[in-house]
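Working notes, structure below.
Chain letters run A, B, ... following the sequence lines, proteins first and then strands; every chain starts at 1.
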Amino acid sequence: MTTSAFDSYRPPEDEGRRRRRSGVRASAGAAARDLARGGRSWLNRDGGGRREAPAVPDAEFSAYYGRPIIKPVPWKHEIPAYLFLGGVAAGSGLLATGAALTGRDVLRRNSRYTAMATVALSGATLVADLGRPERFLNMLRTVKLTSPMSVGTWILSGYAAFAGVATACEVARALPLPDRGVVALAGQALELVDLPAAVGQALFAPPLAAYTAVLLSDTVTPVWFESRGQLPFVFVASAAMAASGVQLVLTPTVQAGPARRLALLGAATDLVAMHRLERHLEDLELLEPLEEGEAGRKLRLAKALTVAGGLGTLLTGRSRLLSVASGAALAAASALTRFGMVEGGIESAKDPRFTVGPQRRRLEERRAAGTVHDSIVTVR
Amino acid sequence: MGYLARQLAGPTDPAPDAGWQHPPARKGFFTDTSICIGCKACEVACKEWNALPMDGLGLSANSYDNTGDLGASTWRHVAFVEQTQERIAAARESGRRLVDLGMPGVGAPAHPPSPSGGAPAGYGTLPAPVEGHGPDLRDLLAGVGGGAPQPPTEGATTVDGTPMVGPLPEFRWLMASDVCKHCTHAGCLDVCPTGALFRSEHGTVVVQADVCNGCGYCVGACPFGVIERRSDSAVSVRDDGHVPSVGVAQKCTLCYDRLTDDQTPACAQTCPTTSIRFGTHEEMVAAARTRVAQLHDQGFTEARLYGANEDDGVGGTGSVFLLLDEPEVYGLPPDPIVPTARLAEMFRTAGYAGLGLLGAAALAFAGRRS
């Protein structure tokens with residue numbers, strides 16, 4: 001039903017599945033998104049084939065030309081990879097110590113090697129992100145409790161030290177050592193430090209798994225900052241899930257009982273914590289970055305894999321093949337969760353809606369409650 | 001309040017907290033956007049003095065603002081906001097609402113300056129110049145074109161109830177020079193894992209490019225989107241084409257090098273309209289309060305201060321702004337919180353989660369041996 005010849009050139013209106021927001025915000029938000037996508041807005045309003053161009057330019061901006069207000073962290077895929085590997089290392093450390101204390105030799109060996117390999121790899125991804133190894137060492141010149149990254153560097157280093165000793169014990173045990181001589185003495189010394197190293201590794205593991213949530217939350221990135229109450233639980237659950245998933249793949253079912261139980265606890269906690277996080281962000285109208293685009297796809301897949309892997313672990317029992325499949329699914333789910341959370345957060349920083357919206361809302365709530373002393377805007 | 005308690009949130013004088021013995025008075029900017037003419041002299045002076053590389057010279061297709069935002073190589077940025085009558089009315093109402101809400105009026109001048117020129121001012125007129133700053137443009141215009149004041153059209157009044165003269169303008173440009181806020185509690189400074197960012201004796205926040213390891217964490221911790229890692233796409237201003245400090249974080253230093261020689265920062269020194277003023281933080285906040293009172297008397301109820309409140313989410317900013325609309329219109333956050341203000345809460349939650357993980361692992365091994 002065109003009313004003029006020009007209307008026939010007008011592209012069909014995009015009936016997106018997003019609920020439409022009220023007039024002004026919708027237009028400004030859509031203009032902002034258009035601008036971010038490819039410089040299209042009502043200023044060159046041929047609509048660009050995506051949405052119907054408004055008849056009159058909307059003069060009211062909720063943000064400055066749709067430009068982001070805050071800057072996204074300049075992190076590439078190394079950081080989510082680092083988070084995932086750190087999680088696997090932490091969970092493996094706990095499994096290794098538990099196995100050492102309960103005399104499960106294969107589980108102990110496998111999880112110690114896994115812990116060492118992943119903590120080394122996570123250090124490598126951190127260095128890859130920074131560009132040069134000296135830049136990692138640069139962080140070890142200071143201890144700064146206000147910086148989760150500084151705290152995390154020390155946690156990672158402490159964990160790596162204990163994991164290194166525990167791995168050395170494991171290697172010494174695996175090698176045919178001579179009965180006497182210096183090498184034999186070293187072997188005996190390692191046997192002595194085996195237990196302290198295992199305990200140290202277990203004590204450094206929970207902070208290693210949990211601090212990464214603080215690392216993300218202690219930024220102004222809306223999704224990460226606002227999920228500060230739930231993200232640590234998501235991340236430790238994810239770490240437990242990933243590490244026990246890896247052991248379900250590597251370790252024979254006869255010794256993998258604790259890994260199966262930890263996997264189930266991890267998967268269940270992950271689902272609950274993630275659900276709570278989503279509800280919380282939905283209340284703040286911040287869920288969109290975690291639902292849309294690449295991040296949304298990854299998080300949906302992660303959830304499906306968590307459920308599948310969890311059910312697989314629960315039902316398959318001692319079938320080796322199905323154990324391997326479930327374990328792999330859980331580890332993949334953990335990796336996808338990390339990537340999805342990081343990417344979704346970065347997306348949320350790029351759109352001024354997600355910066356202005358929650359801030360504006362909490363400001364209005366405070367003002368409605370009669371609290372006006374703590375605003376950044378003052379009169380007189 | 002104890003030393004530790006004031007480190008992450010709340011009002012404090014940052015330089016003594018950072019360990020400076022007998023520091024000089026805290027320094028800061030007052031950027032009065034009501035008299036900014038958008039000449040961008042501050043941007044240029046900043047680039048010149050600090051030898052900042054050229055970054056992304058192009059057309060934004062939005063306005064005369066081709067700089068876009070603050071960044072690693074843009075330490076002053078002039079925003080251009082085009083507004084229609086409707087939006088001006090909304091800005092005026094939102095300003096009046098803030099007054100009615102009883103927003104902090106701390107330190108309001110006991111004797112607000114009476115509007116110069118005698119007749120009540122209004123929206124059909126220009127804002128009066130700053131005290132002692134040349135002739136009043138309104139007097140000049142009145143001399144030229146039979147300046148009999150028009151009758152009030154809307155029955156609107158100033159915040160003090162004086163009736164206003166003239167209709168709202170059809171259109172206006174808001175120009176505003178933005179800069180690093182040099183927050184009392186700076187997120188960038190607190191999260192820096194290397195100590196590359198430090199608090200100067202003047203209470204400002206400065207980056208040491210040679211210590212920075214380029215992790216980019218400060219970028220995510222700034223609630224105003226100021227600090228940025230310099231990318232290699234920048235074009236150098238040097239003859240040899242070398243771009244300095246690529247891959248490390250950069251931002252306004254409040255001309256630390258000039259301050260140590262008792263000089264004024266380049267942007268403030270070059271500003272032709274005194275829109276950018278520099279001085280001790282105390283003076284700047286007082287000047288800002290006087291100016292906003294003056295504008296309110298003239299009927300510009302949309303005038304408001306940004307960052308002058310030490311109870312806000314960043315403990316008050318070192319750079320104070322006078323705005324003529326909501327902060328987000330200028331690309332400023334309406335209610336910024338420095339993320340480190342919640343750090344204790346975050347570490348506590350992470351602690352519970354960590355204990356949970358330890359418990360879960362213990363539980364996993366507690367079962368029968370299988």
Side-chain angles (χ1 to χ4, degrees), chain A residues 43 59-65 67 69-71 73-75 94 98 102 130-131 135 138-139 142 144 146-147 149-150 153 206-207 209-211 213-214 217-221 225 228-229 232-233 236 240 257-258 261-262 265 355-356 359-360 362-363 367 372-380, chain B residues 62 69 79 84 86-87 98-99 101-105 108 190-195 213-217 219-221 223 225 228-229 289 292-293 304-309 311-312 328-331 333-336 339-340 342-343 346-347 349-350 353-354 356-358 360-361 364-365 367 370:
Chain A
L43 283 162
E60 192 168 0
F61 311 115
S62 58
Y64 183 61
Y65 292 116
R67 302 193 68 96
I69 286 178
I70 54 169
K71 291 202 159 45
V73 286
W75 294 343
L94 286 172
T102 57
L130 295 175
R135 288 184 163 175
N138 195 10
M139 291 199 279
T142 46
K144 211 166 149 187
T146 60
S147 169
M149 193 176 280
S150 175
T153 308
Y211 100 85
V214 182
S217 290
D218 192 19
T219 62
V220 289
T221 309
F225 180 68
R228 59 188 181 274
F233 297 98
V236 295
R261 285 191 282 273
L262 191 60
L265 285 170
T355 304
V356 174
Q359 290 191 10
R360 189 89 240 170
R362 74 183 174 219
L363 189 64
R367 284 178 184 170
V372 289
H373 73 282
D374 59 355
S375 166
I376 195 167
V377 173
T378 51
V379 297
R380 302 214 165 181
Chain B
N62 281 335
D69 52 3
T84 58
E86 207 176 297
R87 183 65 225 186
L98 292 177
V99 176
L101 270 173
M103 295 301 285
D190 284 337
V191 305
C192 175
T194 61
N213 72 346
C215 69
Y217 201 26
V219 178
E228 191 183 37
R229 209 159 70 169
R289 285 183 176 141
V292 79
R304 69 202 73 185
L305 299 182
Y306 188 76
N309 185 2
D311 289 321
D312 67 18
E328 56 267 36
V329 169
Y330 296 88
D335 186 36
T340 38
R342 302 279 182 274
L343 192 60
M346 291 172 194
F347 271 126
T349 316
L357 178 64
L358 206 56
F365 281 96
S370 62

(request) Check the pair A:F233, B:T349 against side chain to side chain contact (heavy atoms under 4.5 Å, CB included), reporting the backbone distance first and the verdict last. (result) CA-CA 8 Å; A:F233 297 98; B:T349 316; 3.6 Å; yes

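- A:W75 places a side-chain N or O within donor-acceptor distance of the main-chain N or O of B:C215, the cut-off being under 3.5 Å.
- Annotation: maximal heavy-atom pairing with chain B below 4.5 Å, among A:S217, A:A240, A:A213, occurs at A:S217.
- Proximity to chain A is limited to the side chain of B:L343, based on heavy atoms less than 4.5 angstrom apart.
- With a 4.5 angstrom heavy-atom cutoff, B:Y330 touches chain A only via backbone atoms.
- Heavy-atom distances place both the backbone and the side chain of A:P74 under 4.5 Å from chain B.
- When heavy atoms are compared at a cutoff of 4.5 Å, A:F225 approaches chain B solely by way of its side chain, counted from C-beta outward.
- A:K144 NZ to B:T194 OG1: the interatomic distance, rounded to the nearest 0.5 Å, is 7.0 Å.
- Counting heavy-atom pairs closer than 4.5 Å to chain B, the top-ranked of the candidates A:T221, A:N138, A:L265, A:T355 is A:N138.
- With sequence neighbours excluded, no residue satisfies side chain to side chain donor-acceptor pair (under 3.5 Å) with B:D311.
- Annotation: the span from B:F347 atom CZ to A:Y211 atom OH amounts to 10.0 Å, rounded to 0.5 Å.
- Only the side chain of B:R229 has a heavy atom closer than 4.5 Å to any heavy atom of chain A.
- Contact tally against chain B (heavy-atom pairs below 4.5 Å) for A:R367, A:R228, A:H373: the top residue is A:R228.
- For the options A:G98, A:S150, A:A210, heavy-atom pairs under 4.5 Å to chain B are most numerous at A:G98.
- Counting heavy-atom pairs closer than 4.5 Å to chain B, the top residue among A:M149, A:Q359, A:R135 is A:Q359.
- Between chain A and the residues B:G214, B:A360, B:A308, the most heavy-atom pairs under 4.5 angstrom are made by B:A360.
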(message) As a quick check of understanding, evaluate side chain to side chain contact (heavy atoms under 4.5 Å, CB included) for B:L305 and A:V377, giving each step before the final call.
(response) CA-CA 6 Å; B:L305 299 182; A:V377 173; over 6 Å; no

(message) Could you go through A:M139 and A:L130, starting from their C-alpha distance and side-chain angles, then the distance that decides it, and tell me whether this counts as side chain to side chain contact (heavy atoms under 4.5 Å, CB included)?
(response) CA-CA 11 Å; A:M139 291 199 279; A:L130 295 175; 3.9 Å; yes

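- Closest approach of B:F365 to A:L94, counting heavy atoms only: CE1-O, 4.0 Å.
- Of all the listed residues (B:L358, B:D69, B:V292, B:D190), the one sharing the greatest number of non-hydrogen pairs under 4.5 Å with chain A is B:D190.
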